[in-house]
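Written below as structure tokens is the structure these notes are about.
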Amino acid sequence: MDALPLELVRAIVLLGRSHEQVMWMRVSKRLSDITAPLLYKNVFVNIQKSNAAASLRLAVTGTHKEMAPKILSLRVINLAVSTVTYGASPWPDIAFVTARLTNLQILQFHSSSPNDWASHLRNISVFNLHTLTIVYASRTSHFGPLSKFISRHPQLRNLSIQCPTMTAAEFTVQPQSPFTVPALHSLEHVVLPWHFVQAIVGALKDLRSAALDFGPCGPAEIETSILSLKTSAVGKRLQTLICIKQRTYDSLLDYISSQLSSIESLTIQCDAAEVFHQFVYLERMKKLKKFTLISTATWVAKERTKVNAISDEALLSLPEALQEINLYNLSWTREGNVWKRRLST
């Protein structure tokens with residue numbers, strides 16, 4: 001195989017499964033150099049034992065720059081038990097790995113101990129990183145280290161922070177901004193809990209889409225968040241908005257339709273089993289092209305019948321820009337001046 005052209009060898013290697021590629025790496029240095037970048041493009045590690053992090057550190061120690069993966073996905077859980085069992089914390093190894101992979105573009109991190117992770121990585125800069133996803137398995141109010149890590153990556157284009165929804169009792173007092181960040185002018189898409197919006201919106205400039213989890217928020221919290229978007233630099237640039245809301249969504253749709261005039265695609269997911277009748281809100285949104293309402297509630301047959309009975313006449317006064325409406329299991333598309341109904345199975 002050493003006599004074959006490089007392109008042909010790569011094509012052959014790509015046809016093999018991962019365990020076959022590992023064997024080819026042991027054949028010769030040439031095959032190893034060709035196979036490694038193809039085998040280790042992306043790294044997905046479920047770290048439940050601290051020695052797993054140490055093994056990952058050892059694996060990347062001899063990694064050449066051209067062999068470094070572009071995607072690193074770490075799921076780190078139950079490390080408190082792991083540290084007791086193995087006598088060492090895995091966090092230094094995880095920090096070492098993250099800093100070593102200089103070609104890294106996408107970092108995904110699912111952790112039950114977000115504060116430990118951010119504390120160890122807050123001084124690390126990954127120069128090519130453009131997508132950061134952080135999933136917290138438990139609620140936390142200490143976001144200083146995470147703020148510092150984000151601040152060191154102004155080139156981020158996609159940011160997703162997901163954590164358990166707060167309970168309704170926690171909304172009696174407006175929480176303080178969870179973290180502050182400098183200008184993130186490259187950020188185009190965010191996925192955030194509602195209480196992060198005010199903290200980060202001032203740092204944004206070219207945001208085009210956002211997914212916001214409002215949980216059990218009341219009208220006051222919704223109004224504050226939507227107004228902060230409206231008055232920011234992205235207020236007239238935001239085109240796609242996805243909102244998750246527990247219980248009724250009336251106040252949410254009311255504030256969005258009256259304050260965010262630039263929205264072209266709006267999706268609302270709720271757990272309420274109620275028939276949509278707020279077409280007046282859609283009439284306000286002159287640039288809206290697509291509206292989707294998703295319910296996670298269990299519908300009884302009587303309520304489903306009411307949904308199916310929504311009149312096509314209710315759509316006649318909607319703006320001409322609106323071309324598609326999806327309400328639960330019903331869909332309408334505009335063909336000229338006529339709305340065509342389709343029932344989803």
Side-chain angles (χ1 to χ4, degrees), residues 1-77 90-111 117 120-121 123-135 149-150 152-160 162 184-191 206-209 240:
M1 190 173 286
D2 287 345
L4 295 177
L6 176 61
E7 293 76 10
L8 182 56
V9 176
R10 283 179 175 171
I12 295 173
V13 170
L14 284 173
L15 293 176
R17 297 179 180 179
S18 57
H19 69 277
E20 294 172 331
Q21 293 174 345
V22 170
M23 289 189 294
W24 289 339
M25 289 182 63
R26 299 170 181 168
V27 173
S28 66
K29 184 179 184 305
R30 180 172 186 254
L31 264 181
S32 177
D33 291 342
I34 294 174
T35 305
L38 304 176
L39 179 61
Y40 297 109
K41 277 185 178 180
N42 310 320
V43 177
F44 300 88
V45 183
N46 189 348
I47 300 177
Q48 293 180 300
K49 299 178 180 180
S50 55
N51 63 347
S55 299
L56 184 60
R57 176 188 180 118
L58 181 63
V60 302
T61 300
T63 299
H64 298 294
K65 179 179 176 62
E66 61 273 12
M67 296 166 55
K70 296 182 179 180
I71 300 177
L72 177 61
S73 180
L74 296 175
R75 179 179 175 85
V76 185
I77 57 176
W91 294 110
D93 291 320
I94 294 174
F96 173 87
V97 168
T98 305
R100 177 72 179 182
L101 301 179
T102 55
N103 282 353
L104 202 61
Q105 297 179 8
I106 300 175
L107 176 60
Q108 302 167 343
F109 201 90
H110 186 161
S111 174
W117 171 82
H120 282 83
L121 270 72
N123 293 321
I124 292 176
S125 295
V126 185
F127 297 105
N128 294 314
L129 190 68
H130 61 67
T131 298
L132 175 64
T133 299
I134 305 296
V135 181
F149 181 79
I150 295 176
R152 298 178 69 89
H153 299 84
Q155 77 278 10
L156 282 174
R157 298 200 304 269
N158 306 286
L159 173 63
S160 177
Q162 304 169 43
L184 296 173
H185 290 167
S186 299
L187 207 59
E188 300 174 356
H189 175 72
V190 296
V191 178
D206 292 322
L207 193 69
R208 293 293 184 266
S209 63
T240 300

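The first residue of the sequence shown is numbered 1, and numbering continues consecutively from there. Any value given below was found using the heavy atoms of this structure, including those in side chains, with hydrogens, waters and symmetry copies removed.
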Quick one: pull up CD in Gln108 and CD1 in Ile106 and give me the separation to the nearest 0.5 Å. 6.5 Å

Under 3.5 Å side-chain donor-acceptor pair for Ser186 and Arg157: no

What residues form a side chain to side chain contact (heavy atoms under 4.5 Å, CB included) with Val135, not counting sequence neighbours? His110, Thr133, Gln162

Not counting sequence neighbours, which residues clear side chain to side chain contact (heavy atoms under 4.5 Å, CB included) with Leu15? List them please. none

I need the minimum non-hydrogen distance between His153 and Val126, along with the two atoms involved. NE2-N, 2.8 Å

Pairing residues for Asp206 by the side chain to side chain donor-acceptor pair (under 3.5 Å) criterion, not counting sequence neighbours: none

Shortest non-hydrogen pair, Arg30 vs Pro5, comes out as NH2-C, 4.0 Å

Minimum heavy-atom separation for Ser28 to Leu31, with atom names? OG-N, 3.2 Å

Can you tell me how far apart CG (Leu107) and CD1 (Ile134) are? Round to the nearest 0.5 Å. 6.0 Å

Taking Gln155 for its side chain and Leu129 for its backbone only, find out whether a donor-acceptor pair lies under 3.5 Å. yes

Is there side-chain contact between Leu159 and Ile150, with at least one heavy-atom pair below 4.5 Å? yes

With a 4.5 Å heavy-atom cut-off, do Phe149 and Leu132 have their side chains touching? yes

NE2 of His130 to CG of Leu156, rounded to nearest 0.5 Å, is 9.5 Å

